[in-house]
Amino acid sequence: MKIIEGDFAKSNGRFAIVAGRFNGFVVEPLVAGARDALVRHGVADDAIDLIRVPGAWEIGLAAHKLAHSGQYAAVIALGAVIRGATPHFDFVAGESAKALTQAALSSGVPVSFGVLTTDTIEQAIERSGTKAGNKGADAAIAALEMVNLYGKL
């Protein structure tokens with residue numbers, strides 16, 4: 001059996017980070033984690049573009065445009081949707097995920113999902129760089145691995 005998988009070798013491509021400003025106290029550590037992970041794996045800092053959008057709802061639209069631009073090896077989507085007392089969470093979280101999936105499938109460019117969908121503020125904080133790690137860094141590593149996998153397929 002032949003196994004083909006990506007690795008974390010340096011990529012010469014450009015990476016886009018799309019970050020929602022809503023819940024910025026959670027998203028900013030995700031952005032820092034993603035940037036740090038890419039740079040530590042050999043991606044030049046000037047090969048990383050940060051695109052800010054209002055919130056998680058808008059991340060998918062920007063990711064779609066970026067993925068179809070032909071400028072990026074991968075798009076890393078970062079945001080935070082924290083459950084409240086209304087069904088708004090379900091709509092925003094679900095549609096954000098769908099939009100990012102569509103951006104990846106329609107463009108053929110890896111779009112990494114780093115949008116936190118949590119029940120509490122504490123869960124969001126834990127996933128943005130405290131005891132549950134940094135999901136922004138995880139999303140960046142996944143994007144890097146997918147770029148390198150695409151090069152092998």
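In what follows, every heavy atom counts, from backbone to side chain, and hydrogens, waters and symmetry copies are set aside.
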Go through the structure and list residues passing side chain to side chain donor-acceptor pair (under 3.5 Å) with D45, not counting sequence neighbours. R35

In terms of heavy-atom contacts, A74 and V147 come closest through CB-CG2, 3.6 Å

Working for side chain to side chain contact (heavy atoms under 4.5 Å, CB included), residues R14 and D49: CA-CA 8 Å; R14 296 192 65 74; D49 293 337; 2.6 Å; yes

What's in the same ILVMFWY side-chain cluster as I4, cut-off under 4.5 Å, chained through other members? M146, L149, Y150, L153

Neighbour count >12 (heavy atoms, 6.0 Å) for atom CZ, F25: yes

Where do G136 and L78 come nearest, in terms of heavy atoms and distance? CA-CD2, 3.8 Å

Keeping to residues at least two apart or across chains, list the side-chain hydrogen bond (donor to acceptor under 3.5 Å, both in side chains) pairs with something in residues 20-32. E28-R52

Between V26 and A80, which heavy-atom pair has the shortest distance, and what is it? CG1-CB, 3.8 Å

Apply side-chain contact (heavy atoms from CB on, under 4.5 Å) to T130 and list each qualifying residue two or more places apart in sequence or on a separate chain. I125, E126

Closest heavy-atom contact between L30 and S128? CD2-CA, 3.8 Å

Distance from W57 atom CH2 to F91 atom CZ, nearest 0.5 Å? 9.0 Å

Quick one: do L144 and F15 satisfy side chain to side chain contact (heavy atoms under 4.5 Å, CB included)? Show the steps, please. CA-CA 9 Å; L144 185 60; F15 289 80; 3.8 Å; yes

Inter- and intrachain pairs under ring pair (Phe, Tyr, Trp, His ring centres under 6.0 Å), touching residues 61-86, at least two apart: H64-H68

From CG (L61) to CD1 (I59), nearest 0.5 Å: 11.0 Å

Only distances under 3.5 Å count here; give the side-chain donor-acceptor pairs of residues 81-89 to other protein atoms, sequence neighbours excluded, each with its distance to 0.1 Å.
residue: R83; atom: NE; partner: D119; partner atom: OD1; Å: 2.8
residue: R83; atom: NH1; partner: D90; partner atom: OD1; Å: 3.4
residue: T86; atom: OG1; partner: H88; partner atom: N; Å: 3.4

Suppose we screen for side-chain contact (heavy atoms from CB on, under 4.5 Å). Which residues come up paired with A62, at least two apart in sequence or across chains? V18, V53

Would you please name every residue forming a side chain to side chain donor-acceptor pair (under 3.5 Å) with K98, sequence neighbours left out? E95

Name all pairs fulfilling the salt bridge (charged side-chain N to carboxylate O under 4.0 Å, His left out) condition that reach into residues 140-153, sequence neighbours left out, sorted by first residue then second. D7-K152

Write down the atom of A139, the atom of S112, and the distance for their closest heavy-atom approach. O-OG, 2.6 Å

Minimum heavy-atom distance A67-S107, with the two atoms named: CB-OG, 3.3 Å

First locate atom CG of D36, then atom CD1 of I48, and finally report the distance between them rounded to the nearest 0.5 Å. 9.5 Å

Do other residues, nucleotides or ligands put more than 12 heavy atoms under 6.0 Å from I121 CD1? no

side-chain contact (heavy atoms from CB on, under 4.5 Å) partners of A37, counting only residues at least two apart: A137, A140, I141

